[in-house]
4 protein chains.
Amino acid sequence: MAREKGAKGRESRLRLLHAAAKQFAIHGFHETKVSSIVAEAKLSQPAFYLYFESKDAVFEELVKLFHVRLTTVINESRLPEINSTDGVLNQLCHTLTLMFDYFYANPYLTRIGFHLAPQSQNMKQELVQWVEQMLSGEQRSGQFKSDFRMNMVAECLVGTIERIVFTQLLPGKVAPEQLALDIVNLYVSGIGMKQSKV
Amino acid sequence: MAREKGAKGRESRLRLLHAAAKQFAIHGFHETKVSSIVAEAKLSQPAFYLYFESKDAVFEELVKLFHVRLTTVINESRLPEINSTDGVLNQLCHTLTLMFDYFYANPYLTRIGFHLAPQSQNMKQELVQWVEQMLSGEQRSGQFKSDFRMNMVAECLVGTIERIVFTQLLPGKVAPEQLALDIVNLYVSGIGMKQSKV
Amino acid sequence: MAREKGAKGRESRLRLLHAAAKQFAIHGFHETKVSSIVAEAKLSQPAFYLYFESKDAVFEELVKLFHVRLTTVINESRLPEINSTDGVLNQLCHTLTLMFDYFYANPYLTRIGFHLAPQSQNMKQELVQWVEQMLSGEQRSGQFKSDFRMNMVAECLVGTIERIVFTQLLPGKVAPEQLALDIVNLYVSGIGMKQSKV
Amino acid sequence: MAREKGAKGRESRLRLLHAAAKQFAIHGFHETKVSSIVAEAKLSQPAFYLYFESKDAVFEELVKLFHVRLTTVINESRLPEINSTDGVLNQLCHTLTLMFDYFYANPYLTRIGFHLAPQSQNMKQELVQWVEQMLSGEQRSGQFKSDFRMNMVAECLVGTIERIVFTQLLPGKVAPEQLALDIVNLYVSGIGMKQSKV
DNA sequence: GATGAATGAGACTTCATTCAT
DNA sequence: TATGAATGAAGTCTCATTCAT
């Protein structure tokens, strides 16, 4: 046999993982039964417990997977350091684009890790901090208005990202790069013609 | 007897409704057991079914309650028609403030109707359309940049609102009015010093 | 007030009894809820227990009522003793007619006491014995064939009665007297033209 | 392993089916708890739902089983066509014998399908029609008295059958063939010595 | 590596019945 | 005489999980 030992098992495990991701994403954690996961994976229920501790465990694994990969995407998105406002905005836009690419390529995982999981709150919190740091630096260097609390802005941005991902990106309405561009533009300039102030 | 007829029953029903709201908000629909609702309301399980069809039914009722009240808040927030850009922004800010007041006064209901319920998607969609219409009018009158699709802006704004409500408003970090002001300001002017463009 | 003391209570009790009879007859014992009995009687649940020990108790009462009345009907149906075959057949026919009259006038009670109640078996057993005695006497006097076990004939007749009551009498398809006549005729002569024998 | 695949499951299912039949027959539908069925079958409650949709479903299955088998028995009881009165009576007697054989061999199923089930009314109705057709043909050919409505006779006969089955056959008091003979004889000739008429 | 068969634990719901007024 | 309000007890069903092969 050409296949190495253990290959079949790994495949079964993967099938289960994918099936679980799909079911969780579509039906949520509680509405997803182990029985429907294994049905989708064309395996039996005991097979499930051959590869995973429990239903909770697969969910955890998927969440972690999402988190790790997203972190990697973000970390690897760092552009060569260009210290200018445009640099920061470019960086933001670039990172957002890569994130969106990742989300778009992994819709089920995204719904799980960015929406369903309780830990998604922490992840979004991390994201907020990451954005905040970026913007704060620029703010201290005087390129951004100083009357905004950058933490607040970051929170707003993350909220925007979350919604846009699920209403525009995943349904395929707008391309990742376009979305990133639109969002950054909006947050930088606002919609007013002039520097209006309420 | 000082109390009017039917008062005790109405009170029990209310206690159950509040208990349910609290439990659902904190633990989610599935993790909330009828047994814990009645425990919180200091009643027995059958009492629950004296006032509600089923666990699903209370949830529905709470969602509807949230929706109806929120709609009322929004509808009654209309200021005397002032046809100016400032008018629109004032209106937006005013409505947001009232909404936030409502959310802040009803945190459990808000978490249920704005987050947990599947129907919350529709509600947010309605909100998006409402915002979009407001902004579109102004856009046509030339007060807002024409290069933004206002639907996109509205989506962004609603995403922002959702997150801000749960991370800033409900935990009591920022006052309703302040939040409304900050958000509108941000969306109108952006954070950039000048009309920067990525 | 013109009404004597206790009249209202007796009326309520009667209403409940009738309601119970109707519900039991239509839906059977288990499918009948105390709640539907009181609903039909336009009273509250505690009122039910004011007049009856339990759900079982009303059922019992109805069964007994049926039994007592039916027994009375049968006992009072005795014709002036005429010792002849025709006499016996007349007696049988007369009694059946009166029974059928009673059944027809009390359809709910009949369904309960003649069909639903476990005790209905005993009642039918009594009926069998009563018929058997009648026929046996005649048999000994040589008027009936001696090769039939009259107990068997009586069982057959009671079976016939039971079915005919529910399929012909209660639905009002055939009049009581006609039914009695038909049945007795059938059992006396059979359907064959001649004295055929299988 | 000597046993073929799936044998154990089929056995368990059968055990449950038998247990259910017994319990239903003895205690009726409502008094029979799933817990007592599985106790009798020496299985746990969930096992029951492994093989049946619900308590109602097993009952239905048993009723259908009874109906199908009884229909088969009746259909296969057809003798080679002998067009004579004796032929019809022989046929009737033969079919009754086979039916009684079937009932005697399946007492629980019989009680369920012929007595407890609401659908048993339809089955008995079918039986009435079958008997009626048989007798009517003979009546038209002049072998039977024309002053009986054969539908009425058929109703009487079916009533007789039902009672005799439960009071004589199932308790084992009289053999199937004897019962069939007795009943047919009775219905053909009646008990009178002569062609008496009330 | 995989599965047919089975189960422990627990959730929702119903209903006859009673308490307090 | 009557009822609004409440509950104890019990039953059906589901589901994650495991045993035995």
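Note that this is a predicted model, so its numbers are computed, not measured. Each chain gets a letter, A, B and so on, in the order its sequence line appears, and its residues count up from 1.
Atom NZ in D:K55 sits about 19 Å away from atom P in E:dT13, given to the nearest Å. As rounded to whole Å, 16 Å separates atom P of F:dG11 from atom CG of D:D56. If you take CD of C:Q45 and P of E:dC19, they are 15 Å apart, rounded to a whole angstrom.
Side-chain atoms of C:P46 lie closest to F:dT3 of the nucleotides E:dG4, F:dT3, E:dA5. Distances from the side chain of A:S54 to the nucleotides F:dT17, E:dT3, E:dA5 place F:dT17 closest. Distance from the side chain of A:Y49 is smallest to F:dT17 among E:dG4, F:dT12, F:dT17. Of all nucleotides listed (F:dC13, E:dA16, F:dA16), F:dA16 comes nearest to the side chain of A:K33. If you check F:dA5, E:dA5, F:dA16 against the side chain of B:L50, the one that comes closest is F:dA5.
With a cut-off of 3.5 Å on both Watson-Crick or G-U wobble distances, the partner of E:dT21 is given as F:dA2.
Mapping B:H30 and D:Y51 onto DNA chain E via the closest heavy atom, the residue that lands nearer the 5' end is D:Y51. Of the two residues near DNA chain E, D:S12 and C:V34, the one whose nearest nucleotide lies more 5' is D:S12. Toward the 5′ end of DNA chain F lies the nearest nucleotide of C:G9, the other residue of the pair C:G9 and D:F48 mapping further downstream. Both C:L43 and A:F29 sit near DNA chain F, but only C:L43 has its closest nucleotide nearer the 5' end.
At least one donor-acceptor pair closer than 3.5 Å links the side chain of A:T71 to the backbone N or O of A:H67. For the pair B:S36 (side chain) and B:T32 (backbone), a donor-acceptor distance under 3.5 Å is absent. No side-chain donor-acceptor contact under 3.5 Å links A:K124 to the backbone of A:Q119.
Side-chain atoms of A:H30 and B:E31 form a donor-acceptor pair, as typed in the model, at a separation below 3.5 Å.
Among the atoms of the strands shown, only primed sugar atoms or phosphate atoms (P, OP1, OP2) are found under 4.0 Å from some heavy atom of C:T32.
Paired with C:H115 under the rule ring-ring contact (aromatic ring centres under 6.0 Å, His included), one option of C:F24, C:Y108, C:F66, C:F166 passes, and it is C:F166.
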